[in-house]
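Every chain is numbered from 1 and lettered A, B, ... according to where its sequence line falls, protein lines coming before strand lines.
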Amino acid sequence: MPAVSKGDGMRGLAVFISDIRNCKSKEAEIKRINKELANIRSKFKGDKALDGYSKKKYVCKLLFIFLLGHDIDFGHMEAVNLLSSNRYTEKQIGYLFISVLVNSNSELIRLINNAIKNDLASRNPTFMGLALHCIANVGSREMAEAFAGEIPKILVAGDTMDSVKQSAALCLLRLYRTSPDLVPMGDWTSRVVHLLNDQHLGVVTAATSLITTLAQKNPEEFKTSVSLAVSRLSRIVTSASTDLQDYTYYFVPAPWLSVKLLRLLQCYPPPEDPAVRGRLTECLETILNKAQEPPKSKKVQHSNAKNAVLFEAISLIIHHDSEPNLLVRACNQLGQFLQHRETNLRYLALESMCTLASSEFSHEAVKTHIETVINALKTERDVSVRQRAVDLLYAMCDRSNAQQIVAEMLNYLETADYSIREEIVLKVAILAEKYAVDYTWYVDTILNLIRIAGDYVSEEVWYRVIQIVINRDDVQGYAAKTVFEALQAPACHENLVKVGGYILGEFGNLIAGDPRSSPLIQFNLLHSKFHLCSVPTRALLLSTYIKFVNLFPEIKTTIQDVLRSDSQLKNADVELQQRAVEYLRLSTIASTDILATVLEEMPPFPERESSILAKLKKKKGPGTVTDLEEIKKERSSDMNGSAEPATVVSTPSPSADLLGLGAAPVTNSAPPPSSSGNLLVDVFSDSPSAVAPLAPGSDDNFASPDLASSEVVSEEPADTVHDADELFHKFVCKNNGVLFENQLLQIGLKSEFRQNLGRMFIFYGNKTSTQFLNFTPTVICSDDLQSSLNLQTKPVDPTVDGGAQVQQVVNIECVSDFMEAPILNIQFRYGGTFQNLSVKLPITLNKFFQPTEMSSQDFFQRWKQLSNPKQEVQNIFKAKHPMDAEITKAKIIGFGSALLEEVDPNPANFVGAGIIHTKTTQIGCLLRLEPNLQAQMYRLTLRTSKEAVSQRLCELLSEQF
Amino acid sequence: MINAILVFNNHGKPRLVRFYQHLAEEVQQQIIRDTFHLVLKRDDHICNFLECGSLFGGSDYKLIYRHYATLYFVFCVDSSESELGILDLIQVFVETLDKCFENVCELDLIFHMDKVHHILQEMVIGGMVLETNMNEIVAQVEAQGKLEKAEGGLSAAPSRAVSAVKNINLPEIPRNINIGDINIKVPNLSQFM
């Protein structure tokens with residue numbers, strides 16, 4: 001007899017479904033659905049009480065309409081009513097509707113919880129099952145609050161039916177996932193572990209899932225599960241296939257449970273107890289042996305189930321990474337699968353081998369399969385499998401096979417799917433760099449990459465090749481020759497022009513002796529590409545030209561002619577025009593000596609982690625780029641990372657790697673490149689009005705403009721304040737306004753400051769019509785900040801009614817100068833959900849400014865006194881807002897300093913002065929802001945008696961214009 | 001954990017949709033559409049696993065699917081599940097449906113949506129596998145069937161009407177399609193809704 005008799009449906013439902021299916025068009029379907037929705041709505045709203053059957057029918061119709069992709073915004077109440085019915089059929093459909101349609105923050109949760117509570121207490125296993133399923137499916141926090149205490153009791157009670165135990169275990173698992181804090185560990189934990197011994201394999205299955213999740217977070221508490229899991233596994237693995245009766249699936253004993261037990265064991269290191277360990281090894285060997293036995297059935301399900309267990313066993317072996325014998329056997333087994341006719345097995349074998357490649361015991365064994373993997377790359381029909389093959393080649397690569405693997409990857413790149421090209425490019429670039437013995441090979445490889453897949457070569461890749469060429473003088477001549485040859489091609493990728501332009505600009509002299517690549521030929525070659533290139537590339541080429549002026553004085557006039565042409569000097573692009581003007585002037589005015597200093601060869605780049613690797617990790621997620629060396633590297637870079645804040649100023653962000661070079665030395669005080677910047681300033685100092693505030697492009701003479709403006713100049717690339725909420729910055733120059741707003745909550749601020757003290761009123765407005773519960777705003781200061789900023793707050797009422805506003809006062813005392821802003825964290829419960837949000841509280845150093853008026857003479861006298869390079873911080877940046885003098889004045893006054901009129905000889909500039917009051921000291925501050933309307937840029941200079949203060953004020957103020 | 005279970009036909013019409021994480025309805029519909037397009041363009045004999053990119057907002061997720069006659073069964077799972085294990089689970093699900101409905105076909109899924117949900121509920125709750133033993137699952141479903149019968153009332157006259165409606169769209173000879181070792185009789189329906 002079929003379990004579901006087919007004829008017991010509801011006629012109205014069947015007719016409705018048939019109607020829908022007979023609709024000829026989408027419009028007709030929508031029309032029919034709307035008619036039905038209207039009908040149901042009127043039935044629900046009608047006076048006549050509906051019987052259970054009708055309710056069930058309508059709820060089913062709603063489910064069907066929902067399945068078709070239409071919104072259902074009513075019927076919830078009716079479904080909740082069905083829950084309290086005593087009839088199984090009605091209750092069941094009510095629960096179904098709720099677990100499919102009810103959102104975890106629905107306002108009905110409380111009613112639903114009531115119904116669930118009744119059913120759990122009913123001692124009727126069917127009703128208990130329904131209730132537990134519902135909790136597991138919805139799994140909201142409110143449910144966790146209501147039931148997290150109750151369910152462990154049901155789970156471990158002696159008289160609970162097996163099916164209820166199963167549901168209770170998974171129910172608890174779900175609640176632990178959503179609200180781990182609400183599930184208390186207790187006596188029940190040890191009893192749950194003993195469920196692994198339960199008679200009923202269904203209970204063991206559910207318990208294993210629960211224990212696995214709990215053990216990941218609380219390994220100590222569940223340590224005893226290891227030996228129990230091993231003995232359970234051993235009983236399954238060694239059983240005759242008939243022993244487990246119903247749990248034998250296509251002749252494989254309990255495959256699903258075996259997989260789960262093997263997963264549980266992967267939460268722990270190899271067992272310490274030799275007996276347990278021996279037993280586990282035996283199990284794993286048995287599983288490996290069984291894989292070699294002839295199949296007991298030809299059905300795909302049989303091999304599927306058997307291999308599911310096998311792959312999990314191999315994962316465990318790899319995880320333990322301690323038994324060389326097992327590891328090699330695992331590797332051989334996977335090797336067999338690499339050539340299996342089942343695509344699924346080839347896919348999984350490639351995937352598992354990837355992890356195996358990172359074990360030192362098996363790395364060599366994995367390498368023996370290189371030919372098979374390369375073949376997979378060429379012949380697999382499925383892109384998912386090819387992708388795995390690429391991953392494995394990458395993982396198995398080392399010095400011995402790098403050349404072969406890189407060559408194969410390059411080969412494959414020509415025909416690779418577009419979706420994985422970028423990733424392959426990154427991988428090739430990383431391998432080529434990592435395993436390059438001979439850097440000429442490296443240069444060739446990268447140029448090949450650009451040739452084959454230029455569009456997929458990201459900035460990181462070509463920056464990196466330039467870094468390496470600059471840092472290694474043995475390869476510079478070769479690189480110059482190779483790019484020169486590559487540029488001969490009639491059509492070459494723009495990335496090649498960039499690399500070529502940069503390298504010839506630096507090292508063109510190394511090949512200029514050859515009449516075939518004389519200076520003029522080099523120049524003409526590059527210039528022949530100029531007009532086909534985008535603006536950033538042209539900007540870079542202009543820099544190459546000025547470098548040529550220095551390298552090859554004999555072609556100076558040719559280059560000057562080019563720079564002087566209208567297409568350069570009157571170029572519509574400001575950056576190009578400015579470069580042309582400046583470079584032309586530089587080449588005319590400066591003496592050979594100055595030129596040689598300004599245009600000196602780039603100094604070596606500091607060694608740091610490859611930015612390409614960082615990019616790959618970002619692309620693939622950190623866990624997926626595995627490799628022995630990389631893991632080590634990652635660890636060490638983590639350590640570097642944690643040390644970073646101390647050196648943040650001198651560490652440009654990775655993307656500025658190459659061209660950010662200019663920035664690091666500038667702040668470091670005086671190595672050559674910055675002196676080149678200063679020299680440029682000197683060159684133009686006699687005609688200040690023309691180009692006074694220098695464009696950033698000329699500051700570091702080789703930067704491409706986009707980088708120069710975004711990364712280089714802002715001097716503190718890793719600062720999160722910049723990219724944080726814009727609203728925060730608005731408060732730097734004002735004290736009142738709205739700090740944050742979303743659909744639920746609005747936060748307003750009013751504040752006043754005097755000397756080193758201040759008071760801030762925070763207003764929290766509930767925008768909804770529902771109460772916020774457990775409303776807890778907390779002001780958090782980092783450890784650093786705590787010592788320099790004293791904040792006192794009073795707690796607020798934990799309930800905020802719908803539409804109401806509560807107020808909180810923060811008393812502020814500034815003890816010493818500080819950098820960060822405190823964080824305002826707000827937690828509350830809205831409907832069924834827990835809300836948690838954080839915003840930066842705009843208490844900034846400049847709030848403690850007292851303006852100081854002074855005469856021009858005083859100002860410049862003090863300005864000179866603060867001439868120590870550490871006391872000055874300068875920032876050149878692009879205007880983000882229209883450059884209006886009145887607004888600028890208002891902002892400077894809002895910032896807190898006095899605005900000094902008629903102090904600066906240039907009336908377009910702004911100067912300000914003030915004193916920052918802290919409890920411990922007072923810090924005098926002078927500032928000067930020079931706008932350049934033409935370039936839409938500003939130069940901001942801060943001089944204070946304290947470096948950190950200059951730094952912070954400069955940051956804050958730069959964001960305002 | 002299983003994040004979603006989707007069943008749709010060769011035309012992308014959803015037949016069973018179950019999400020175990022809370023997503024807005026539009027997002028659910030988008031995921032169904034995207035999944036369909038991802039799966040549809042794949043041949044029948046290539047592998048049953050594919051990465052679904054950012055579909056569920058993370059690279060940890062995989063789609064594991066099986067194609068039976070007119071229906072695709074797609075499970076979206078995270079890395080804590082065994083790929084082959086899930087394939088078996090899909091098979092168990094389909095075999096269970098087949099037992100419960102006696103030669104299940106797409107129409108059973110359409111007209112007995114609630115039953116299909118109940119069968120699934122006996123296998124998977126809250127994204128975790130509850131039971132894999134087919135006999136146990138069928139026994140649970142049968143027990144519920146008996147309860148319904150006992151309550152009577154709901155299952156009276158409409159039965160004949162339903163089968164009559166079902167037959168409207170059936171062509172003369174149903175096509176037999178071999179899946180593993182069970183035969184699902186699949187009516188050769190040219191166009192569903």
Check salt bridge (Lys or Arg N to Asp or Glu O under 4.0 Å) between B:Arg42 and all other residues, then give those that pass, not counting sequence neighbours. A:Asp382
Given a strict heavy-atom distance threshold of 4.5 Å, which part of A:Arg346 is in contact with chain B: side chain, backbone, both, or neither? neither
Can you say whether B:Gln121 sits under 4.5 Å from chain A via the side chain, the backbone, both, or neither, judging by heavy atoms? both
Given that the side chain runs from C-beta out, which part of B:Gln28 has a heavy atom under 4.5 Å from chain A: side chain, backbone, both or neither? side chain
Under 4.5 Å from a heavy atom of chain A, the part of B:Met113 involved: side chain
Run the salt bridge (Lys or Arg N to Asp or Glu O under 4.0 Å) check on B:Glu51 and A:Arg388 step by step: do they pass? CA-CA 11 Å; B:Glu51 268 137 56; A:Arg388 291 285 88 83; 2.3 Å; yes
Engaged part of A:Leu345 at the chain B interface, taking heavy atoms whose separation is under 4.5 Å: side chain
B:Thr96, B:Ile119, B:Asn133 screened by side-chain contact (heavy atoms from CB on, under 4.5 Å) with B:Val138, the one that passes: B:Thr96
Could you tell me which portion of A:Lys24 (side chain, backbone, both or neither) has an atom closer than 4.5 angstrom to a non-hydrogen atom of chain B? neither
Please rank A:Ser99, A:Ser315, A:Cys171, A:Cys134 by heavy-atom pairs under 4.5 Å with chain B and give me the top one. A:Ser99
Considering only heavy atoms, which portion of A:Phe311 lies under 4.5 Å from any heavy atom of chain B: side chain, backbone, both, or neither? side chain
Top contributor to chain A contacts, counting heavy-atom pairs under 4.5 Å, from B:Ala139, B:Pro14, B:Cys47, B:Ser80: B:Cys47
Selection from A:Leu262, A:Leu348, A:Val259, A:Thr126 maximising heavy-atom pairs under 4.5 Å formed with chain B: A:Leu348
For A:Gln166, which atoms come within 4.5 Å of any heavy atom of chain B: side chain, backbone, both, or neither? both
Considering only heavy atoms, which portion of A:Leu173 lies under 4.5 Å from any heavy atom of chain B: side chain, backbone, both, or neither? side chain
Which atoms of A:Val385 are under 4.5 Å from chain B, going by heavy atoms: the side chain, the backbone, both sets, or neither? side chain
Would you please classify the geometry between the A:Phe64 ring and the A:Phe16 ring as parallel, tilted or perpendicular, with 30° and 60° separating the classes? perpendicular
When the 4.5 angstrom heavy-atom criterion is applied to A:Glu351 and chain B, the contacting part is side chain
Which bit of A:His302 is near chain B, if near means a heavy-atom gap under 4.5 Å: side chain, backbone, both or neither? neither
Checking A:Val100, A:Ile72, A:Leu67 against A:Leu62 for side-chain contact (heavy atoms from CB on, under 4.5 Å), the one that qualifies is A:Ile72
Under 4.5 Å to a heavy atom of chain A? For B:Leu16 that would be backbone
Measure the shortest side-chain to side-chain distance between B:Phe75 and B:Glu81 over non-hydrogen atoms and say whether it is less than 4.5 angstrom. no
Under 4.5 Å from any heavy atom of chain B - which part of A:Leu63: both
Donor on one side chain, acceptor on other, B:Asn48 and B:His67, under 3.5 Å: no
Using the side-chain contact (heavy atoms from CB on, under 4.5 Å) criterion, which residues pair with B:Gln140? Sequence neighbours excluded. A:Ser163, B:Glu122
Answer whether the closest heavy-atom distance between the side chains of A:Arg386 and A:Val383 falls below 4.5 Å. yes
Would a 4.5 Å heavy-atom cut-off, applied to side chains only, mark B:Leu89 and B:Met123 as touching? yes
Side chain from CB out, backbone as N, CA, C, O: work out which of these in A:Ser167 comes under 4.5 Å of a heavy atom of chain B, or both, or neither. both
At a heavy-atom separation under 4.5 Å, does B:Glu131 approach chain A through its side chain, its backbone, both, or neither? both
Greatest number of heavy atom pairs closer than 4.5 Å to chain B - which of A:Gly69, A:Gly202, A:Ala206: A:Gly69
Run the ring-centre check on A:Tyr95 versus A:His133 and record whether the distance is less than 6.0 Å. no
Would you call the rings of A:Phe127 and A:Tyr88 parallel, tilted or perpendicular if under 30° counts as parallel and over 60° as perpendicular? parallel
